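See below for the structure under consideration.
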Amino acid sequence: MKDGNSHINLKRLNQLCGLLDVSEGYLLNGASSSSENYLDKEFTDLIKSVSPEKQKLIYNVAKTIAETDMNEE
């Protein structure tokens with residue numbers, strides 16, 4: 001390791017995740033798709049960055065997807 005930087009291959013990453021019992025996504029991004037607040041910040045940042053018209057469109061698309069998921073259960 002030099003200057004606080006090091007490289008890791010995918011096999012070693014997978015082994016580390018197994019030892020820590022976390023997903024690769026959690027280790028790399030700090031978020032797990034099973035966590036309660038998964039993508040909260042990303043969605044908040046996205047919504048804040050677009051116009052009110054696009055916010056409504058994003059909401060309607062997300063609502064349609066959520067309703068489809070609920071109907072399939």
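Keep in mind that this is a model prediction, so the values were computed, not measured. The figures here come from the full heavy-atom set of this structure, side chains too, leaving out hydrogens, waters and symmetry mates.
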Handout entry: L10 atom CG, over 12 foreign heavy atoms within 6.0 Å
Key = no

Here the gap from H7 atom NE2 to R12 atom CZ, rounded to the nearest 0.5 Å, amounts to 15.5 Å

Interatomic distance, NZ@K54 vs CG@L46, rounded to 0.5 Å, equals 10.0 Å

May I ask you to check whether over 12 heavy atoms, not counting those of N9, lie within 6.0 Å of atom CG? yes

The reported gap from CD in Q55 to CG in L57 (rounded to nearest 0.5 angstrom) is 11.0 Å

CG (L19) and CG (N14) are apart, to the nearest 0.5 Å, by 10.0 Å

For I58 and V50 the tightest heavy-atom approach is CD1-CG2, 4.1 Å

Sorted by chain and residue number, the side chain to side chain donor-acceptor pair (under 3.5 Å) partners of K41 (sequence neighbours excluded) come out as D45

